[in-house]
Amino acid sequence: MSKEIGTRKEDFSKWYNELVLKADLAEHSAVRGCMVIKPHGYAIWEKMQAALDKMFKDTGHVNAYFPLFIPKSFFSKEASHVDGFAKECAVVTHYRLKTAPDGSIVVDPDAKLEEELIVRPTSETIIWNTYRGWIQSYRDLPLLINQWANVVRWEMRTRLFLRTAEFLWQEGHTAHATAEEAVEETRKMLDVYADFVENFMAVPVVKGVKTVNERFAGALDTYCIEAMLQDGKALQAGTSHFLGQNFAKAFDVKFTSKEGKLDYVWATSWGVSTRLMGALVMSHSDDNGLVLPPKLAPIQVVIVPIYKGEEGLNKIREVVLPLKKKLENFGISVKFDDRDTQRPGWKFAEYEMKGVPVRIAVGERDLANGTVEIARRDTLSKETVSIEGIETKIVQLLSDIQDNLYQIALKRKTELTTRVETWDEFVKVLETKGGFVAAHWDGTSETEQKIKEMTKATIRCIPLNNVQEEGKCILTGARSKERVLFAIAY
RNA sequence: CGGGGUGUAGCGUAGCCCGGUAUCGCGCCACAUUUGGGAUGUGGAGGUCGUCAGUUCGAAUCUGGCCACCCCGACCA
């Protein structure tokens with residue numbers, strides 16, 4: 001059948017690509033490295049956005065919007081920032097096209113911009129340039145702003161959702177009077193991300209801080225949440241940066257403190273992107289298609305009628321429509337698929353591929369017995385139950401599925417976290433098992449770099465609240481006081 | 001960006017080596033019978049063979065450029 005996808009065991013990467021396409025999440029576009037997010041994929045993103053946006057607002061943030069274009073000169077103001085992004089910027093040089101003598105459309109050479117514009121790869125520079133005019137006094141602080149936007153990073157090698165040239169995200173940019181307050185904000189938003197990813201996406205994460213090598217360009221500290229996917233690779237699911245006074249200095253954003261002292265403000269920035277869609281797929285889905293946690297499923301329950309003739313369908317409608325209403329009163333999103341153009345078996349397979357958590361089938365047999373058949377997507381199990389009081393059962397079932405997905409992912413993360421003491425063990429675990437490897441490291445960038453070159457593994461993070469213990473670096477044998485998490489990452 | 005591979009109907013493919021206007025399956029349309037796990041039959045529609053150029057009487061097939069995707073590498077807040 002054309003709707004089948006490869007298996008994870010056979011070729012994880014191929015399975016992922018086929019799944020994204022066949023579950024109708026996204027497809028490749030005519031533009032290199034850019035994807036079209038299809039309605040089903042976009043509906044999931046909208047659910048993510050809605051949940052995150054509420055969490056941001058509940059923690060005191062407001063939304064705003066800044067320009068897509070950034071004057072080139074802005075990038076030269078923060079040295080490490082430009083270093084980090086220069087290699088992957090799309091640049092606008094002209095503002096007009098014209099018809100050439102041969103009839104083709106060409107860029108009008110007379111329409112060259114005085115100063116080139118950069119399509120934002122991230123908005124720190126344009127936002128901090130704007131903040132200069134907004135902040136004068138400690139009374140203007142803290143400034144807690146988020147933006148939902150698209151950004152462009154000209155990546156050499158792209159993958160649907162995980163790394164695309166253009167992607168959708170949110171970026172929070174806050175300004176504070178003290179370093180302590182900015183650090184607190186950085187940590188708070190990391191907690192918000194972890195809360196979201198674990199409770200909505202059902203993906204357990206490790207909260208940690210990045211090493212100097214992996215730090216955001218222009219940050220003093222980069223905090224992150226790292227997820228472990230089914231294939232034993234790690235994925236950075238969100239980052240929160242403590243930017244110190246770097247951007248305030250670069251864009252001259254000063255404020256007068258309560259004590260009358262003039263000082264630069266302290267900054268944070270934090271973001272998650274459509275990459276989370278990739279994490280969602282790679283965490284829960286199986287060889288039959290997408291598996292969605294109920295909290296993010298655009299359709300939580302689908303009802304499929306099984307009937308003969310228009311009259312048969314009408315009889316089922318009499319039972320199903322009130323049931324649909326009841327479920328909706330519990331806040332459940334329900335689709336009654338009464339299309340006569342597809343057969344029940346086709347619909348079963350289709351909704352399985354698209355990851356609808358619960359399916360209810362109602363046929364004449366059920367009408368006679370006062371029952372329905374309930375199937376859950378996560379376990380693929382089915383049972384026939386009385387329609388009486390089914391609403392509360394479904395509410396419970398959705399909650400069970402959400403929990404079950406999290407527990408499975410948590411078990412995997414635990415099983416795929418290995419403590420090693422020696423280099424040989426380290427290499428062996430990476431080669432045979434994958435996952436997170438907790439090992440001692442001497443704390444130097446040189447060692448980190450060497451390990452990356454030798455094994456492809458990077459330090460995903462130094463976990464927060466890490467146990468302090470004496471040990472020896474797996475590569476150099478130098479003293480170490482804590483373990484860090486290594487992994488092969490996306 | 002370097003190495004390798006692929007591109008033929010909406011999807012998956014045969015044909016390419018050895019040049020003669022394209023095969024099969026799924027899907028699509030019509031009708032009938034069907035409907036508790038991707039129905040069956042009959043009939044039908046759908047193709048500038050990725051694209052541009054070259055060789056040739058003639059190109060899906062040979063040659064070159066370009067584009068896109070996949071795999072490996074480099075890069076990746």
Side-chain angles (χ1 to χ4, degrees), chain A residues 1-6 11-18 21-22 24 27-35 78 80-89 104 120-125 151-160 162-165 167 169 171 210 212-219 221-224 235-236 238-241 243 269-273 275 288-289 304-310 312-313 316 338-353 359-369 371-375 380 382 384 452-453 456 458 489-490:
Chain A
M1 279 292 149
S2 66
K3 277 291 188 181
E4 276 176 11
I5 55 178
D11 187 341
F12 192 82
S13 185
K14 185 162 171 264
W15 164 84
Y16 173 78
N17 282 320
E18 291 182 353
L21 298 175
K22 296 213 165 129
D24 259 347
E27 64 185 33
H28 295 286
S29 71
V31 186
R32 162 184 244 156
C34 294
M35 63 179 170
E78 215 290 331
S80 53
H81 190 66
V82 69
D83 279 351
F85 287 103
K87 284 170 286 180
E88 48 187 35
C89 285
S104 66
R120 63 183 166 214
T122 180
S123 303
E124 273 78 6
T125 55
V151 288
V152 169
R153 295 181 190 176
W154 215 260
E155 302 286 356
M156 287 299 120
R157 195 172 159 191
T158 60
R159 296 194 78 186
L160 292 167
L162 291 182
R163 180 170 291 111
T164 45
F167 55 92
W169 77 344
E171 47 183 325
K210 289 289 188 192
V212 179
N213 270 1
E214 301 278 328
R215 202 177 271 166
F216 175 75
D221 259 319
T222 288
Y223 293 85
C224 63
L235 182 80
Q236 178 176 298
T239 49
S240 185
H241 315 289
L243 302 173
S269 72
W270 27 274
V272 294
S273 70
R275 171 177 248 210
N288 296 301
V304 177
I306 297 155
Y307 60 95
K308 290 186 175 71
E310 185 62 23
L313 179 57
I316 289 170
D338 60 352
R339 285 179 298 172
D340 193 33
T341 52
Q342 313 293 351
R343 293 159 50 92
W346 188 93
K347 292 176 184 173
F348 291 173
E350 181 68 8
Y351 291 112
E352 235 158 57
M353 180 62 77
R359 181 185 75 232
I360 299 176
V362 186
E364 285 188 23
R365 203 162 71 202
D366 296 300
L367 295 186
N369 301 335
T371 58
V372 297
E373 182 192 79
I374 299 179
L380 294 170
K382 294 188 282 196
T384 300
K452 184 179 174 182
E453 281 161 16
K456 288 184 210 162
T458 49
Y490 274 102

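None of these values were measured; they are calculated from a predicted model. Proteins get letters first, then strands, A, B, ... in listed order; numbering begins at 1 in each.
Taking atom C1' on both nucleotides, B:C71 is separated from B:C62 by 27 Å, rounded to a whole Å. With C1' as the reference atom, B:U51 and B:C69 are 15 Å apart, rounded to whole Å. Taking atom P in both B:A59 and B:G50, one finds a spacing of 15 Å when rounded to whole Å. Remark: the separation of the C1' atoms in B:G12 and B:C31 is 28 Å, to the nearest Å. For the P atoms, the distance linking B:C49 with B:G10 amounts to 13 Å, nearest Å. Atom name P, nucleotides B:A9 and B:C1: the rounded distance is 28 Å, in whole Å. Between the P atoms of B:C26 and B:C18, the separation comes to 34 Å (whole Å). Going from the P atom of B:G47 to that of B:A22 covers 12 Å, rounded to whole Å.
In this model, the phosphate group of B:C75 is not approached by any side-chain N or O of A:Arg163 to a distance below 4.0 Å at OP1 or OP2. Between A:Ser13 and the phosphate of B:C71, there is a side-chain N or O to OP1/OP2 separation shorter than 4.0 Å.
Residue A:His81 is classed as having no contact, given no heavy-atom separation below 4.0 Å to the nucleic acid. Here A:Phe12 lies out of heavy-atom contact (under 4.0 Å) with every strand. Looking at heavy-atom distances under 4.0 Å, A:Gly84 makes no contact with the nucleic acid at all. Nucleic acid contact for A:Ala361: base, since at least one base atom lies under 4.0 Å from a heavy atom of the residue. At the heavy-atom level, A:Arg359 lies under 4.0 Å from base atoms of the strands shown. Residue contacts shown for A:Gly33 are limited to sugar-phosphate atoms, with no base heavy atom under 4.0 Å away.
Under the Watson-Crick or G-U wobble criterion, with both distances below 3.5 Å, B:C26 is paired with B:G10. Remark: B:C66 base-pairs with B:G50; criterion is Watson-Crick or G-U wobble with both hydrogen-bond distances under 3.5 Å. Across all strands shown, B:C75 forms no Watson-Crick or G-U wobble pair with both distances under 3.5 Å. The partner of B:U35 cannot be assigned: no Watson-Crick or G-U wobble pair with both contacts below 3.5 Å exists in any strand. Partner assigned to B:G20 is B:C57, using Watson-Crick or G-U wobble distances below 3.5 angstrom.
Rounded to whole angstrom, the span from the CZ atom of A:Arg157 across to the P atom of B:C72 amounts to 5 Å. Atom CD1 in A:Ile360 sits about 17 Å away from atom C1' in B:G37, given to the nearest Å. One interatomic measurement links the two molecules: CZ of A:Arg215 to C1' of B:C76, which rounds to 18 Å at whole-angstrom precision. As a whole-Å value, the separation of A:Tyr16 OH from B:C70 P is 11 Å. B:G10 atom C1' lies 12 Å from atom NZ of A:Lys22, rounded to whole Å. Distance, A:Asn17 CG to B:C69 C1': 10 Å, rounded to whole Å. One interatomic measurement links the two molecules: OH of A:Tyr351 to C1' of B:G38, which rounds to 14 Å at whole-angstrom precision. Distance CG (A:Leu313) to C1' (B:U35): 12 Å, rounded to an integer number of Å.
When distances run from any side-chain atom of A:Glu155 to the nucleotides B:C69, B:G38, B:C76, the shortest one goes to B:C76. If you check B:A74, B:G38, B:U35 against the side chain of A:Met156, the one that comes closest is B:A74. Of the candidate nucleotides B:U35, B:C70, B:G38, B:G38 has the atom lying nearest to any side-chain atom of A:Glu350. Residue A:Phe348 has its side chain nearest to B:G37 when only B:G73, B:G37, B:U35 are considered. Closest approach to the A:Trp346 side chain among B:C76, B:G38, B:C69 is made by B:G38 (side chain taken as heavy atoms from C-beta onward). Closest contact between the side chain of A:Lys308 and the listed nucleotides B:U35, B:C72, B:G38 involves B:U35.
For A:Glu171 against A:Ser123, the heavy-atom pair with the smallest separation is OE2-OG, 2.7 Å. When all heavy atoms of A:Phe348 and A:Ile306 are compared, the closest pair comes out as CZ-CD1, 4.1 Å.
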Worked check of side chain to side chain contact (heavy atoms under 4.5 Å, CB included) between A:Thr371 and A:Val362 | CA-CA 8 Å; A:Thr371 58; A:Val362 186; over 6 Å; no
Go through the steps for A:His241 and A:Ser269 under the test side chain to side chain contact (heavy atoms under 4.5 Å, CB included), then give the verdict.
-> CA-CA 5 Å; A:His241 315 289; A:Ser269 72; 3.4 Å; yes
Can you list the steps and then say if A:Glu214 with A:Thr222 is a side chain to side chain contact (heavy atoms under 4.5 Å, CB included)?
-> CA-CA 8 Å; A:Glu214 301 278 328; A:Thr222 288; over 6 Å; no
Steps toward side chain to side chain contact (heavy atoms under 4.5 Å, CB included) verdict (A:Glu124, A:Glu78) | CA-CA 10 Å; A:Glu124 273 78 6; A:Glu78 215 290 331; over 6 Å; no
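Relative orientation of the A:Trp15 and A:Phe12 rings is tilted, given thresholds of 30° and 60° on the angle between their planes.
Donor-acceptor pairing under 3.5 Å is recorded for the side chains of A:Ser13 and A:Arg159. Between A:Glu373 and A:Thr384, the side chains place no donor N or O within less than 3.5 Å of an acceptor N or O (distance only, hydrogens not considered).
Nearest-nucleotide assignment on RNA chain B puts the 5′-proximal partner with A:Cys34, out of A:Cys34 and A:Ser273. Mapping A:Val362 and A:Phe85 onto RNA chain B by nearest heavy atom places A:Val362 at the nucleotide closer to the 5' end.
A donor N or O paired with an acceptor N or O is found under 3.5 Å between the base of B:G37 and the side-chain atoms of A:Glu352. Judged by atom type and distance alone, A:Lys382 reaches the base of B:G37 through a side-chain donor-acceptor pair under 3.5 Å. The base of B:G36 lies outside donor-acceptor range of the side chain of A:Arg343, with no N or O pair under 3.5 Å.
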Below 3.5 Å is the cut-off: list the nitrogen or oxygen pairs between protein and nucleotides 41-47 of chain B, distance only.
none

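Applying the 90° cutoff around 0 to the glycosidic angle, B:U21 is assigned syn.
In terms of modelled atom types and a separation under 3.5 Å, the side chain of A:Arg163 and the main chain of A:Thr158 share no donor-acceptor contact. Side-chain atoms of A:Tyr351 do not come within 3.5 Å of backbone N or O of A:Val304 as any donor-acceptor pair.
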